[in-house]
**Q** 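Starting off with a structure, shown below.
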Amino acid sequence: MSAARPSFQSFSAGLLAAIVGFASSFAIVIQGLNATGASPAEATSGLMALSISMGLCAVVASLWTKIPVSIAWSTPGAALLASAGVVEGGFAAAVGAFLVCAVLIILAGLIRPFGRAVAAIPSPLANAMLAGVLFGLCLAPVRAVGEMPVYALAVILTWAVAVRFARLYAVPLAMVVTFGIAFLTGGSLDLGETPLISQPLVILPVFTLEALVSIALPLFIVTMASQNIPGIAVLKAYGYHPNSSSLFTLSGVFSLVSAPFGGHAVNLAAITAAMCAGEDAHKDPAARYWAAVFAGVIYILFGLFAGLVMAFVSATPGILIEAVAGLALLGALAFSIGEATKEAETRDSAIITFAITASGVSFFGVSGAFWGLLAGGAFMALMHFRKQT
């Protein structure tokens with residue numbers, strides 16, 4: 001019984017997981033919310049809602065299951081928002097899409113055939129769509145060098161050196177350098193009117209067909225295929241046996257709670273799940289769930305002070321924030337491309353999905369992410385039909 005008690009080891013693992021999870025991708029979340037039309041106050045509310053929701057979800061899920069269930073915001077989903085841009089109805093329509101996505105995640109957990117159907121989406125196509133979504137963001141460091149060569153190269157060099165010697169701290173260090181540049185170049189950081197504890201805003205949702213097809217459905221697919229399903233796989237790899245349906249439903253419920261405040265989606269984590277489920281979290285696998293609990297508590301604290309984070313971001317050149325987000329996503333882009341193209345049989349279908357998604361072209365007001373998945377799936381079906389005849 002004593003082995004299941006928390007330890008300093010589990011606390012330190014949870015602290016590291018929370019710092020890495022937040023610092024490595026909050027710039028992407030802010031970029032995504034801003035791109036869909038959120039005001040600074042609405043983006044702050046969204047960041048706060050996501051942090052608190054994923055913290056509470058991690059605490060509830062880990063204490064309930066006694067396994068290290070790490071929760072994160074949907075980083076691929078935030079990247080999708082950045083590529084989708086503003087839809088008709090503005091951020092209120094995006095919030096409506098967030099609510100629909102949350103309901104779909106809940107249904108994926110409650111309705112077994114629905115969940116199996118999501119899992120049946122061909123992995124090459126899901127990864128190709130994600131790669132297409134990430135591609136434009138990953139070009140931001142190059143664009144930054146063109147606009148602010150000295151400062152952008154300083155950020156990139158910091159990131160590159162940190163990747164070589166301390167990979168987990170690469171993006172946080174790049175962010176620190178970015179903030180430092182903002183101060184040195186006269187960034188207007190004003191904390192005088194920034195409340196110590198962030199203020200949530202309720203955004204009344206608007207439901208439009210464009211937002212449903214351009215945001216809700218692709219957001220649901222990338223969240224399930226790139227976060228929830230891999231999150232279950234990580235836990236299984238460490239010898240745990242999670243009830244995937246229950247965890248999907250729980251993450252959907254907390255997504256539903258955060259959506260009216262501007263949060264796009266929370267889901268099972270993969271990278272930070274490995275931090276909390278590994279030996280560094282505790283020598284006894286039965287006690288490692290405490291690391292995920294501590295990570296959840298720290299996420300809640302980060303959420304309460306989201307306004308201070310937004311104040312620093314607002315004082316920083318936007319292109320440098322985008323550059324850091326792009327650097328943070330390079331690994332995900334490389335992984336997605338590799339997974340999408342590793343099988344020769346489905347490579348052409350994956351490339352079609354990637355090309356259409358990465359083009360950024362929309363048809364009938366619907367983003368390329370949806371059309372890319374549809375075109376790639378149609379081509380895959382055609383190739384399968386030809387082999388059968």
Side-chain angles (χ1 to χ4, degrees), residues 9 11-32 47 51 70 72-73 75-76 78-79 82 131 134-185 187 189 226 234 269-281 291 294-295 298-299 301-302 305 308-310 312-313 315-338:
Q9 188 179 14
F11 171 77
S12 60
L15 175 63
L16 178 61
I19 291 174
V20 170
F22 189 95
S24 64
S25 56
F26 80 87
I28 304 167
V29 173
I30 293 171
Q31 179 70 14
L47 186 66
S51 299
S70 295
W73 47 47
T75 302
L134 298 178
F135 184 69
L137 289 174
C138 289
L139 295 179
V142 182
R143 293 196 299 267
V145 171
E147 294 186 27
M148 307 178 71
V150 175
Y151 299 131
L153 286 173
V155 173
I156 293 171
L157 181 61
T158 299
W159 172 84
V161 172
V163 165
R164 171 61 182 84
F165 295 102
R167 191 178 189 91
L168 290 178
Y169 302 99
V171 174
L173 286 174
M175 200 75 237
V176 169
V177 171
T178 302
F179 287 151
I181 290 171
F183 298 144
L184 292 176
T185 56
L189 177 64
S226 301
V234 169
I271 296 175
T272 52
M275 295 180 186
C276 293
E279 292 184 2
D280 290 340
F294 287 128
I298 295 164
Y299 275 135
L301 295 177
F302 284 159
F305 300 105
L308 296 178
V309 174
M310 284 297 297
F312 279 98
V313 171
T316 306
I319 188 62
L320 292 184
I321 294 292
E322 292 178 27
V324 175
L327 293 172
L329 290 169
L330 283 176
L333 174 64
F335 178 82
S336 298
I337 291 176

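Heads up: numbering here begins at 1 and tracks the sequence.
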**Q** Would you name the heavy atoms of Tyr299 and Ala18 that are closest together and state the gap between them?
**A**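 Tyr299 and Ala18 have their closest heavy atoms at CE2-O, 3.6 Å.
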
**Q** Taking all heavy atoms of Pro141 and all of Ala323, pick out the closest pair and write down the distance.
**A**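 What the structure gives for the nearest pair is CG-O, 3.5 Å.
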
**Q** Just how far is it from atom CD1 of Ile319 to atom CE of Met148, taken to the nearest 0.5 Å?
**A** 9.0 Å

**Q** Looking at residues at least two apart in the chain, or sitting in another chain, which of them share a side-chain contact (heavy atoms from CB on, under 4.5 Å) with Ala131?
**A**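 For Ala131 the side-chain contact (heavy atoms from CB on, under 4.5 Å) partners, ignoring immediate neighbours, are Leu333, Ser336, Ile337, Phe354.
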
**Q** Working to the nearest 0.5 angstrom, can you tell me the gap between Trp73 CH2 and Leu47 CG?
**A**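 CG of Leu47 is found 5.0 Å from CH2 of Trp73.
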
**Q** Going from CG on Leu173 to CZ on Phe165, what distance comes out if it is rounded to the nearest 0.5 angstrom?
**A** 13.0 Å

**Q** Which label fits Phe26 and Phe22: parallel for a plane angle under 30°, tilted from 30 to 60°, or perpendicular past 60°?
**A**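 It falls in the parallel class, under 30°.
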
**Q** OG1/Thr158 to CD1/Ile181 distance, rounded to the nearest 0.5 angstrom?
**A** 7.5 Å

**Q** Just jot down the ring pair (Phe, Tyr, Trp, His ring centres under 6.0 Å) partners of Phe11, sequence neighbours excluded, or say none.
**A** Phe294

**Q** Name all pairs fulfilling the salt bridge (charged side-chain N to carboxylate O under 4.0 Å, His left out) condition that reach into residues 141-161, sequence neighbours left out, sorted by first residue then second.
**A**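 Applying salt bridge (charged side-chain N to carboxylate O under 4.0 Å, His left out) to every pair that reaches into residues 141-161, excluding sequence neighbours, yields Arg143-Glu322.
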
**Q** State which residues pass side-chain contact (heavy atoms from CB on, under 4.5 Å) with Val142; sequence neighbours excluded, sorted by chain then number.
**A**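 For Val142 there are no side-chain contact (heavy atoms from CB on, under 4.5 Å) partners, ignoring immediate neighbours.
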
**Q** Please list, chain by chain and in numerical order, all residues satisfying side-chain contact (heavy atoms from CB on, under 4.5 Å) with Ala78, sequence neighbours excluded.
**A** Ile28, Val29, His264

